[in-house]
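Presented below is the structure to which this report refers.
Since this is a predicted model, take the numbers as computed values, not measurements. We name chains A, B, ... by the order of the sequence lines, and we start the count at 1 in each one.
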Number of protein chains: 2
Amino acid sequence: MKDEKKRGRPRGFDASAAIGKAREVFWDRGFSAASLDNLSAATSLNRPSLYNAFGDKEDLYLDALEGYRADSMVALEDALDPSLPVRENLARMYDRALATYLHGDTAARGCLLISTATVEAVRHERVREVLGRSLADFDRAIEDRLALAIERGQLPEKTDPKALAQLASTIMHSLAVRARAGETREALEALARSGVDLICGAP
Amino acid sequence: MKDEKKRGRPRGFDASAAIGKAREVFWDRGFSAASLDNLSAATSLNRPSLYNAFGDKEDLYLDALEGYRADSMVALEDALDPSLPVRENLARMYDRALATYLHGDTAARGCLLISTATVEAVRHERVREVLGRSLADFDRAIEDRLALAIERGQLPEKTDPKALAQLASTIMHSLAVRARAGETREALEALARSGVDLICGAP
DNA sequence: AGACATTTGTACTGTTTCGCATAAAAATAT
DNA sequence: ATATTTTTATGCGAAACAGTACAAATGTCT
């Protein structure tokens, strides 16, 4: 933590709070449909402050994605607490995802990465990189937990943890898409439950 | 087929071919980042012709989505040919999806619906409706095939066809997202294979 | 206090955007 | 032929857009 006071006029706002506000805008509108006026209004910062602090719109979007990725990773690691049974781990993982995905003013917003970064990934290489890395990280976190479960004999010896983890992620991706497509909470919860059953075996 | 000659100057272009060209633009750029100039250039139609024939940008996008949905449904029904074993049905379904998803100039384009409509679904109710209906149709087509397999004793009696079909769709959704995120063909094919194994039981 | 460095607000620039107005072009109907 | 109807092409226009110049404001350093 570098707390050395810098010379010059100090910043009148909290940068990470501003990124948080920007995240909300991007989450609702996506990257392309989010204008700097929208971002400026949401953050209560005028454009030069945004440019000075974060760079251009794509830089700010990448910052928002990165913050979201980090938050999601913390939440995921927490849901996958190894002192709980794997079955409960997965249920918690989907529960938390749904709580996030279903939030929204008019319609559910899904996942910032899956639901807004995907469309930009073709033409914005840096977005594609963040998205790919994030998905790989999520896969990996689940894989590690499953590998531990196999080691502990809580899952069949022969299961391939990597493949099974990717399949578990797959359900999260679909929940994000389906939430944004307007499916009901009940339908999504049912899908999550049957996913847990398929992965861990019926209860 | 109404072939009665209409009065007035006849159209100098094929409307469905134009929608096909527009589909490519939307597929690469998404709805918001696709400009009328892009669409005009790709279709070789000037703006008034586009407006006259299809309405505004959102109308054209909805037409493109609808055409894609219909094409995808035909391909899906074909992949699910009931005279083939279910296991092969699913493998074909994922194979064809991947062939489509991996196409693209610089990066893979994924699925027009999943990868570009999702982001617009929050703010454009009609897009959300098309997306939701399309996902439900795909789920249903798979469910029907699985129900038939259960009836024929090719899947365990106790399996819930609806839940299993949603899980099968789930893998398609993830393939679309992951393709666009830059995952390799090999990785995606491996995921599809382990999905088939999980749903139909190991070979 | 005065030099310096950084942030902030206003206002601007040049471009891109969507959608349309207008008139010419190309067909049929009478 | 003339009128009618629809499609094309040019090009307009008003708004939204991303990004920046400039000067005032607000802090630290010497």
Side-chain angles (χ1 to χ4, degrees), chain A residues 1-19 21-23 25-26 28-65 116 119-120 123-127, chain B residues 1-19 21-23 25-26 28-65 116 119-120 123-127:
Chain A
M1 310 294 182
K2 39 167 69 175
D3 235 17
E4 326 138 6
K5 299 233 174 188
K6 280 176 294 185
R7 301 177 44 142
R9 178 170 175 174
R11 203 166 263 174
F13 61 93
D14 176 0
S16 60
I19 294 178
K21 294 290 189 183
R23 178 198 288 187
V25 174
F26 286 128
D28 270 353
R29 311 177 83 102
F31 170 75
S32 293
S35 74
L36 280 178
D37 282 338
N38 298 145
L39 294 163
S40 179
T43 57
S44 305
L45 295 176
N46 37 32
R47 240 161 322 191
S49 292
L50 285 174
Y51 277 88
N52 183 41
F54 309 111
D56 68 7
K57 192 171 88 161
E58 184 174 341
D59 292 326
L60 179 55
Y61 181 58
L62 289 166
D63 283 346
L65 287 183
T116 81
V119 72
E120 310 297 337
R123 294 173 35 92
H124 294 93
E125 197 175 335
R126 292 151 74 203
V127 173
Chain B
M1 309 294 183
K2 38 169 69 179
D3 237 15
E4 329 137 7
K5 299 230 172 189
K6 280 176 295 184
R7 302 179 42 144
R9 178 170 175 174
R11 202 166 264 172
F13 61 94
D14 177 359
S16 62
I19 295 178
K21 294 290 189 182
R23 178 199 288 187
V25 174
F26 286 128
D28 270 354
R29 313 177 80 102
F31 170 76
S32 292
S35 74
L36 280 178
D37 282 338
N38 298 145
L39 295 163
S40 179
T43 57
S44 305
L45 296 176
N46 37 33
R47 242 168 318 211
S49 292
L50 285 174
Y51 276 88
N52 184 42
F54 309 112
D56 69 7
K57 190 171 86 160
E58 185 174 339
D59 293 326
L60 179 55
Y61 182 57
L62 288 166
D63 283 346
L65 287 183
T116 79
V119 71
E120 310 297 337
R123 294 172 35 93
H124 294 93
E125 196 176 335
R126 293 152 72 202
V127 174

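With hydrogens and angles ignored, a donor-acceptor pair under 3.5 angstrom links the side chain of A/R9 to the base of D/dA25.
The 12-atom threshold is exceeded at CD of A/E58, counting heavy atoms of other residues, nucleotides or ligands nearer than 6.0 Å.
The nucleotide whose nearest atom lies closest to any side-chain atom of B/R7 is, among D/dA18, C/dG19, D/dT4, D/dT4. Here the side chain of A/R47 is nearest to one of D/dA18, C/dA27, C/dC20, namely D/dA18. Among C/dT10, D/dG19, D/dT5, the nucleotide with an atom closest to any side-chain atom of A/K57 is D/dG19. Across C/dT10, D/dT28, D/dG19, the shortest atom-to-atom separation from the side chain of A/N46 is found for C/dT10. Checking D/dA18, C/dG19, D/dG27 against the side-chain heavy atoms of B/L36 singles out C/dG19 as nearest. For B/P48, taking side-chain heavy atoms from C-beta onward, the closest of the listed nucleotides D/dA18, D/dG11, C/dT8 is D/dG11. Distance from the side chain of A/D56 is smallest for D/dG19 among the nucleotides D/dT10, C/dT17, D/dG19.
To the nearest angstrom, C1' of C/dC18 lies 12 Å from CG of B/L50. Between B/N52 atom CG and C/dA25 atom C1' there is a gap of 14 Å when expressed in whole angstrom units. One can place CD of B/E58 at 14 Å from C1' of C/dG19, the figure rounded to the nearest angstrom. Residue A/L45 contributes atom CG, which lies 7 Å from atom P of C/dT8 at whole-angstrom precision. Here D/dG11 presents its P atom at 19 Å from OH of B/Y51, a figure rounded to the nearest Å.
Along DNA chain C, the nucleotide closest to B/D37 and the one closest to A/F13 are compared, and the more 5′ of them pairs with A/F13. Between A/R11 and B/P10, it is A/R11 whose nearest contact on DNA chain C lies nearer the 5' terminus.
Counted by atom type alone, A/N46 and A/S49 present one or more donor-acceptor pairs between their side chains at under 3.5 Å.
Among the heavy atoms of the strands lying under 4.0 Å from B/A34 are primed sugar atoms or P, OP1, OP2 only; no base atom is included.
An OP1 or OP2 oxygen of C/dT8 is reached within less than 4.0 angstrom by a side-chain nitrogen or oxygen of A/S49.
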Are A/N38 and A/S35 close enough, and set up right, to give a side-chain hydrogen bond (donor to acceptor under 3.5 Å, both in side chains), and what steps lead you there? CA-CA 5 Å; A/N38 298 145; A/S35 74; 3.0 Å; yes

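The existence of a salt bridge linking A/D63 and A/R23 is excluded, since no basic side-chain nitrogen approaches an acidic carboxylate oxygen closer than 4.0 Å.
Between A/Y61 and A/H124, a ring centre-to-centre spacing not shorter than 6.0 Å is recorded.
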